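Computation of the quantities below employed the complete heavy-atom set of this structure, encompassing side-chain atoms and omitting hydrogens, waters and symmetry-equivalent molecules. The first residue of the sequence shown is numbered 1, and numbering continues consecutively from there. Treat the numbers as computed from the prediction; the structure is a model and nothing was measured.
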Amino acid sequence: MAKVELKQPIVEEIAESVKDAQSVVLVNYSGLTVEQDTILRKELRESGVFYKVYKNTMMHRAFEGTAYECLDKHLEGTNAIAVSKTDATAPARILAKYAKQFPKLELIAGVVEGNYNDQAGVQALASIPSRDELLAKLLGSIQSPITNLARVLNQVAEAGGAEAAIAAKAEEAPAAE
């Protein structure tokens with residue numbers, strides 16, 4: 001079997017993994033210990049992020065003719081890709097977190113929702129909260145005025161109820177004399 005035939009399934013695997021991806025982040029993992037890499041992979045897996053090391057030539061062939069072709073210029077050295085099909089910021093957020101803990105881990109570049117981002121762009125994406133966090137904040141913002149209105153109305157009702165009780169007692173007191 002020719003070498004090209006052996007490599008074709010790997011190229012197809014990469015192409016399939018990035019096909020409908022919301023984000024793809026390229027990272028240089030050179031110098032990480034096995035323990036550090038295991039910790040990183042565990043959190044990425046828990047967040048639904050596909051993370052794998054491929055040969056640069058395989059990634060180059062898989063990226064040809066796609067929105068990820070702009071990453072070709074960064075395919076030098078020891079690279080891995082992190083791919084998310086659900087959360088656009090998850091790979092950048094998790095990898096940036098571990099890049100702070102493990103200085104040898106280096107964010108290189110990424111494509112998020114079809115837009116190329118260099119290292120600074122990926123770092124900026126890492127500061128964006130996840131979709132769930134943003135929805136929770138939005139819901140909290142919407143719910144806050146309603147909750148405050150309910151509290152005020154409750155306090156008014158309690159105050160009105162207390163005033164009515166005082167007025168009723170005041171009316172009863174003169175009648176008793």
Quick one: pull up OG in S23 and CD1 in I81 and give me the separation to the nearest 0.5 Å. 11.0 Å

Please report the interatomic distance NZ(K97) to CD1(I94), rounded to the nearest 0.5 Å. 7.5 Å

What's the shortest heavy-atom distance between G77 and N56, and which atoms? O-ND2, 2.9 Å

Between Y51 and V27, is there a side-chain heavy-atom distance shorter than 4.5 Å? yes

What I'd like to find out is whether the side chain of L75 reaches to under 4.5 Å of the side chain of L26, using heavy atoms alone. yes

Apply side chain to side chain donor-acceptor pair (under 3.5 Å) to E12 and list each qualifying residue two or more places apart in sequence or on a separate chain. Q8

Quick one: list whatever passes ring-ring contact (aromatic ring centres under 6.0 Å, His included) with Y98, sequence neighbours left out. F102

Counterpart residues, salt bridge (Lys or Arg N to Asp or Glu O under 4.0 Å), relative to E35 (two or more places apart): none

All salt bridge (Lys or Arg N to Asp or Glu O under 4.0 Å) counterparts of R45, not counting sequence neighbours: none

To the nearest 0.5 Å, how far apart are CG in L32 and CZ in R41? 9.5 Å

Would you mind listing every salt bridge (Lys or Arg N to Asp or Glu O under 4.0 Å) that reaches into residues 49-66, with sequence neighbours excluded? E13-K52

Of all the heavy-atom pairs spanning A88 and Q22, show the shortest one and how long it is. CB-OE1, 3.6 Å

Applying side chain to side chain donor-acceptor pair (under 3.5 Å) to K100 and not counting sequence neighbours gives none

Any link between Y29 and V83 through a network of hydrophobic side chains (Ile, Leu, Val, Met, Phe, Trp, Tyr) touching at under 4.5 Å? no

Nearest 0.5 Å, please: how far is CD1 in I108 from CG in N79? 4.0 Å

Identify whether Y116 and L95 are in the same connected component of the hydrophobic contact network (ILVMFWY, side-chain heavy atoms under 4.5 Å). no

Among the clusters formed by ILVMFWY side chains lying less than 4.5 Å apart, do L44 and V53 turn up in the same one? yes

side-chain contact (heavy atoms from CB on, under 4.5 Å) against N117, all qualifying residues, sequence neighbours excluded: V112, V122, L125

So do the side chains of L71 and V111 get within less than 4.5 Å of each other, counting heavy atoms only? yes

Looking only at heavy atoms, what is the nearest atom pair of A15 and A62, with distance? N-CB, 3.8 Å

D87 vs T89, test: side chain to side chain contact (heavy atoms under 4.5 Å, CB included). Steps then yes/no. CA-CA 6 Å; D87 187 353; T89 61; 3.3 Å; yes

Rounded to the nearest 0.5 Å, what separates atom NE2 in H74 from atom CD in Q119? 9.5 Å

Among residues at least two apart in sequence or on other chains, which ones pass side chain to side chain donor-acceptor pair (under 3.5 Å) with D118? none

Which residue pairs pass the side chain to side chain donor-acceptor pair (under 3.5 Å) test when at least one of the two sits in residues 102-114, sequence neighbours left out? none

Non-neighbouring partners of Q123 that pass side-chain contact (heavy atoms from CB on, under 4.5 Å), sequence neighbours left out: A96, L107

Quick one: do V49 and L40 end up in the same hydrophobic cluster if we chain Ile, Leu, Val, Met, Phe, Trp and Tyr together by side-chain heavy atoms under 4.5 Å apart? yes

How would you list, by chain and number, every residue that makes a side-chain contact (heavy atoms from CB on, under 4.5 Å) with T66, sequence neighbours excluded? F63, Y68

So which pairs with a foot in residues 69-79 pass salt bridge (Lys or Arg N to Asp or Glu O under 4.0 Å), sequence neighbours left out? none

